[in-house]
Amino acid sequence: MMQTQSTHRARGRLAKDLATVVFGIGVLLGLAFPFIWVVLISFRPDREIFTRTFRLFTTVTLDNYYALLENSPFGAYLKNSIIICSISTIAAITISLIAAYGFSRNRNFKGRGLLLLLVVCTQLFPYVILITPLYSMFLKLGLIDNPISLVVSYTAMNLPFAIYLLLGYLDTIPKDLDEAAKLDGASTIQIIVKVILPIAWPGVVTVAVNAFVSAWDEFLFALTLMTSDEKKTVPVGLAGFFGEYTTQWNLVMTASVISTLPTLILFMFLQRKLVSDLAAGAVKL
Amino acid sequence: MTVLASGRGQSMGRKTGGYLPPSLEPYALVLPAILVLAFFFAGPALYNIALSFQNVSLFDLGQSNEWVGFANFVAVLTGGGLAAAFFNTAVMQTLITVVLRLLFGLGLAILLNADVFKRWQLGWLVRSLVLIPFVTPPVVAVAAWKWLLDPRYGAVNQLLLSLGLIERGIPFLSRTSTVWAAVDAMLIWRELPFVVITFLAALQSIPKELKESARIDGASEFQIHTLIVLPMLKPVIAIVALLTTIWTFNNFVYVWLATRGGPGDYTQVLATKMYTVSFVDYRVGEGAAIGVLMSIIMFIFAFGYLAVLSRKGKEAA
């Protein structure tokens with residue numbers, strides 16, 4: 001008797017578990033569908049895309065990828081984006097690590113609280129209102145249509161969150177380590193590079209990925225500050241492919257897949273860590 | 001060199017590269033960041049205020065322009081379309097999507113927090129799938145949805161046609177009855193994962209014993225979630241609501257790429273209106289005035305929200 005009851009209960013639990021998993025994964029697959037659909041279309045030959053009936057799987061071809069990279073300026077957009085995002089990421093990490101060290105190791109300097117508050121407030125700032133004045137400022141400096149303007153913008157855009165996240169990391173590193181290095185005669189910059197960086201690198205990785213991805217996704221500044229076609233970044237170039245009148249959807253879908261690859265790869269490899277860091281960082285703000 | 005104020009430290013300080021008096025070192029460290037932020041945020045924000053009081057077109061930016069007092073604000077406020085753009089921004093783009101994101105986000109987070117996903121080692125799969133919209137750049141999200149909603153070849157219309165629910169494809173993005181639903185769908189889809197992963201992290205920090213003991217006391221799953229879990233999530237929900245509201249209120253990219261504010265001006269939001277006035281109509285002064293109004297609205301909202309929160313916090317304490 002007892003035994004049948006407990007097997008009943010176990011079976012009941014298994015059924016409940018199974019239902020939860022099937023339902024959960026089903027919802028998530030539905031959520032992911034728009035992107036999965038983009039991927040499927042990008043491998044589909046022209047004549048099978050523009051049909052009136054819905055089919056999930058068809059012939060697979062790489063034609064769209066060849067067409068995109070050979071006959072369109074997309075390759076140039078990719079190169080622009082990779083260069084601009086990499087440089088601005090490195091700049092953001094360098095500046096934010098030094099600043100976070102300053103905030104973390106000096107608790108009482110005058111203005112610390114106010115400066116940190118201002119850094120946090122910039123997170124809530126409407127970027128869109130900055131675009132006109134920045135356009136004017138870069139115009140005066142002769143930097144319109146020059147990638148430097150985007151590098152500066154993306155570095156600045158990523159600094160507040162980077163400083164905040166790294167500050168949290170550095171606060172957990174014991175001060176004794178710096179002081180030992182200081183006794184050995186290391187300068188502050190040497191301490192940051194040789195003592196702090198090797199310990200804080202998980203935080204630095206999160207900051208780097210976040211900075212790269214938000215620069216990679218950015219649209220408004222790239223749209224406004226880069227005026228010639230060959231200097232466009234990926235998002236603006238891609239948006240140009242789906243203009244209002246003629247749209248080659250197969251190429252748009254292919255370009256979409258390639259545009260998503262860097263962020264997809266970075267997040268799939270580092271997902272657990274990134275998710276917990278970003279969630280914690282956002283809530284702490 | 002700062003921390004070591006002992007005699008030995010000071011005597012060593014000089015030769016090891018401390019060029020600054022120790023009291024100035026913190027400022028030297030934070031200076032580069034502050035300078036970049038001042039150039040990018042503070043300078044332009046003040047400059048934008050100045051522009052909003054000048055008669056200036058895109059072509060005479062950077063020259064000295066005529067000061068016109070509140071003329072730009074008057075033009076913007078009486079020129080028509082601003083009230084509609086404000087309503088679109090506050091309600092159609094922000095309120096609806098924030099509420100739906102919080103509801104879906106909470107539901108999904110509670111569902112995915114079920115311990116069976118951990119026991120069956122499905123954490124990796126769950127996280128990967130949740131993150132897919134999040135890793136999709138907004139431009140790609142709009143492209144994907146425009147294609148899904150295409151009147152002739154889009155999957156949504158194909159599905160509705162094959163089910164016999166409609167007789168010809170619906171042009172979702174050019175019809176006033178459907179366009180906001182379509183834009184909101186794109187926005188919610190792309191921005192939902194942030195809410196889910198934040199709530200999921202908060203749920204995982206709730207001690208299991210709390211739920212277990214409630215269960216032993218005979219509480220139902222529904223009671224456990226409304227009486228124990230929700231109150232504990234309140235602070236996180238409050239912050240996520242604030243952040244997503246501010247980010248969405250200022251958002252430009254979804255409406256711009258999905259509809260350009262159309263059909264007509266039907267989906268114009270403040271951000272796209274500001275951009276259009278400045279960079280399409282070249283009336284930079286008026287565009288700047290819209291920007292100033294947007295900042296004031298968000299400023300009042302954020303402070304009001306935080307004031308209410310802190311008062312509630314005090315009452316609770």
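We name chains A, B, ... by the order of the sequence lines, and we start the count at 1 in each one.
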* Asked: Would you call the rings of Phe39(B) and Phe138(A) parallel, tilted or perpendicular if under 30° counts as parallel and over 60° as perpendicular?
  -> perpendicular
* Phe103(A) side chain near Leu29(B) side chain, heavy-atom distance below 4.5 Å -> no
* Min side-chain heavy-atom separation Ile131(A)-Phe279(B) under 4.5 Å -> yes
* Structure fact -> Turns out that what part of Arg112(A) lies under 4.5 Å from chain B's heavy atoms comes down to neither
* Asked: Hey, is CZ on Phe301(B) packed in by over 12 heavy atoms from elsewhere, all under 6.0 Å?
  -> yes
* To do: Below 4.5 Å from any heavy atom of chain A, which atoms of Asp150(B) appear? Answer side chain, backbone, both or neither.
  => side chain
* Asked: Is Val128(A) close to Met294(B) at the side-chain level, that is, under 4.5 Å between some pair of heavy atoms?
  -> yes
* Asked: Heavy-atom distance under 4.5 Å to chain A: side chain of Trp120(B), backbone, both or neither?
  -> side chain
* **Portion of Leu270(B) that has a non-hydrogen atom of chain A nearer than 4.5 angstrom** => neither
* Part of Leu115(A) lying under 4.5 Å from any heavy atom of chain B -> side chain
* Asked: If you count heavy-atom pairs under 4.5 Å between each of Trp124(B), Phe299(B), Trp256(B) and chain A, which one has the most?
  -> Trp124(B)
* To do: Please say which of Leu238(A), Asp217(A), Val213(A) ends up in a side chain to side chain contact (heavy atoms under 4.5 Å, CB included) with Pro137(B).
  => Asp217(A)
* Asked: Under 4.5 Å between any side-chain heavy atoms of Val139(B) and Phe242(A), yes or no?
  -> yes
* With side chains defined as the heavy atoms from C-beta onward, is the minimum distance between Phe219(A) and Pro138(B) less than 4.5 Å? -> no
* Proximity breakdown for Leu97(A) and chain B, heavy-atom pairs closer than 4.5 Å -> neither
* To do: State, to 0.1 Å, how close Leu111(B) and Gly24(A) come at their nearest heavy-atom pair, and which atoms those are.
  => CD2-CA, 3.7 Å
* chain B interface, residue from Val236(A), Thr132(A), Ile95(A) that has the most non-hydrogen pairs under 4.5 Å -> Thr132(A)
* To do: Select one option (side chain, backbone, both, neither) describing which atoms of Pro133(B) are under 4.5 Å from chain A's heavy atoms.
  => side chain
* Which answer fits Leu192(B), side chain, backbone, both or neither, if we ask what part of it has an atom under 4.5 Å from a heavy atom of chain A? -> side chain
* To do: Quick one: do Val126(B) and Ile25(A) satisfy side-chain contact (heavy atoms from CB on, under 4.5 Å)? Show the steps, please.
  => CA-CA 7 Å; Val126(B) 166; Ile25(A) 301 292; 4.3 Å; yes
* To do: Please test Trp189(B) against Phe35(A) for side-chain contact (heavy atoms from CB on, under 4.5 Å), starting from the C-alpha separation and ending with a verdict.
  => CA-CA 11 Å; Trp189(B) 181 77; Phe35(A) 184 71; 4.3 Å; yes
* Among the listed options Ala288(B), Ser205(B), Ala155(B), the residue most often paired with chain A at heavy-atom distances under 4.5 Å -> Ala155(B)
* Side chain, backbone, both or neither: which part of Trp147(B) has a heavy atom under 4.5 Å from chain A? -> both
* **Separation between CZ of Arg127(B) and CE of Met268(A), rounded to the nearest 0.5 Å** => 10.5 Å
* Asked: Checking heavy atoms, do the side chain of Ile41(A), its backbone, both or neither come under 4.5 Å from chain B?
  -> side chain
* Asked: Is there a donor-acceptor pair under 3.5 Å between the side chain of Tyr27(B) and the backbone N or O of Lys110(A)?
  -> yes
* To do: Please name the pair of heavy atoms, one in Met253(A) and one in Ala143(B), separated by the smallest distance, quoted to 0.1 Å.
  => CE-O, 3.7 Å
* To do: Please state whether the side chain, the backbone, both or neither of Ile197(B) comes within less than 4.5 Å of a heavy atom of chain A.
  => both
* Structure fact -> d(Phe252(B) CZ, Leu223(A) CG) to nearest 0.5 Å is 6.0 Å
* **Which atoms of Leu108(B) approach chain A - backbone, side chain, both or neither, heavy atom under 4.5 Å** => side chain
* Asked: Could you state the interatomic distance from OG1 (Thr20(A)) to CZ (Phe117(B)), rounded to the nearest 0.5 Å?
  -> 6.5 Å
* Below 4.5 Å, heavy atoms only, C-beta onward: do Ile265(A) and Val135(B) meet side chain to side chain? -> no
* Do other residues, nucleotides or ligands put more than 12 heavy atoms under 6.0 Å from Asp115(B) CG? -> yes
* Asked: If every non-hydrogen atom of Pro133(A) is compared with every non-hydrogen atom of Tyr47(B), which pair is closest and at what distance?
  -> CB-CD2, 3.6 Å
* Using non-hydrogen atoms and a 4.5 Å limit, figure out which bit of Leu131(B) sits close to chain A: side chain, backbone, both or neither. => side chain
* Structure fact -> Correct closest heavy-atom pair for Val30(B) and Ala99(A) would be CG1-O, 3.7 Å
* **Proximity breakdown for Ala201(B) and chain A, heavy-atom pairs closer than 4.5 Å** => side chain
* Asked: For Ala144(B), does its backbone N or O pair with a side-chain atom of Trp37(A) as donor and acceptor, under 3.5 Å?
  -> no
* To do: Could you look at Thr94(A) and say if it's the side chain, the backbone, both or neither that has a heavy atom under 4.5 Å from chain B?
  => neither
* Count the heavy-atom pairs under 4.5 Å between each of Leu148(B), Asn48(B), Ile132(B) and chain A, then report the option with the highest count. => Asn48(B)
* Side chain proximity check, Thr122(A) to Phe40(B), heavy atoms < 4.5 angstrom -> no
* Could you give me the CA-CA distance, side-chain angles and deciding distance for Tyr127(A) and Phe41(B), then say whether side-chain contact (heavy atoms from CB on, under 4.5 Å) is met? => CA-CA 8 Å; Tyr127(A) 289 155; Phe41(B) 289 100; 3.5 Å; yes
* Per-residue contact mode, Phe199(B) against chain A (heavy atom under 4.5 angstrom) -> neither
* **Interatomic spacing from CG in Leu139(A) to CG in Leu58(B) - rounded to 0.5 Å** => 8.0 Å
* To do: Test side-chain contact (heavy atoms from CB on, under 4.5 Å) on Phe134(B) and Phe267(A) and set out the steps.
  => CA-CA 10 Å; Phe134(B) 189 68; Phe267(A) 267 83; 3.8 Å; yes
* To do: Please look at Ser259(A) and chain B and tell me whether the side chain, the backbone, both or neither of the residue comes under 4.5 angstrom of a heavy atom of that chain.
  => both
* To do: Could you grab the distance from atom OG of Ser278(B) to atom CD1 of Ile129(A), nearest 0.5 Å is fine?
  => 11.0 Å
* Asked: Tell me, side chain or backbone of Ala45(B) under 4.5 Å from chain A's heavy atoms, or both, or neither?
  -> both
* To do: Look at Ile163(A), Thr224(A), Val27(A), Val252(A) and state which one has the largest set of heavy-atom pairs under 4.5 Å with chain B.
  => Thr224(A)
* Any Glu25(B) side-chain heavy atom under 4.5 Å of Phe109(A) side chain -> no
* Asked: With only heavy atoms counted, which part of Met298(B) is less than 4.5 Å from chain A, the side chain, the backbone, both or neither?
  -> neither
* Mind checking the CZ-CG spacing from Arg119(B) to Asp17(A)? Nearest 0.5 Å is all I need. => 4.0 Å
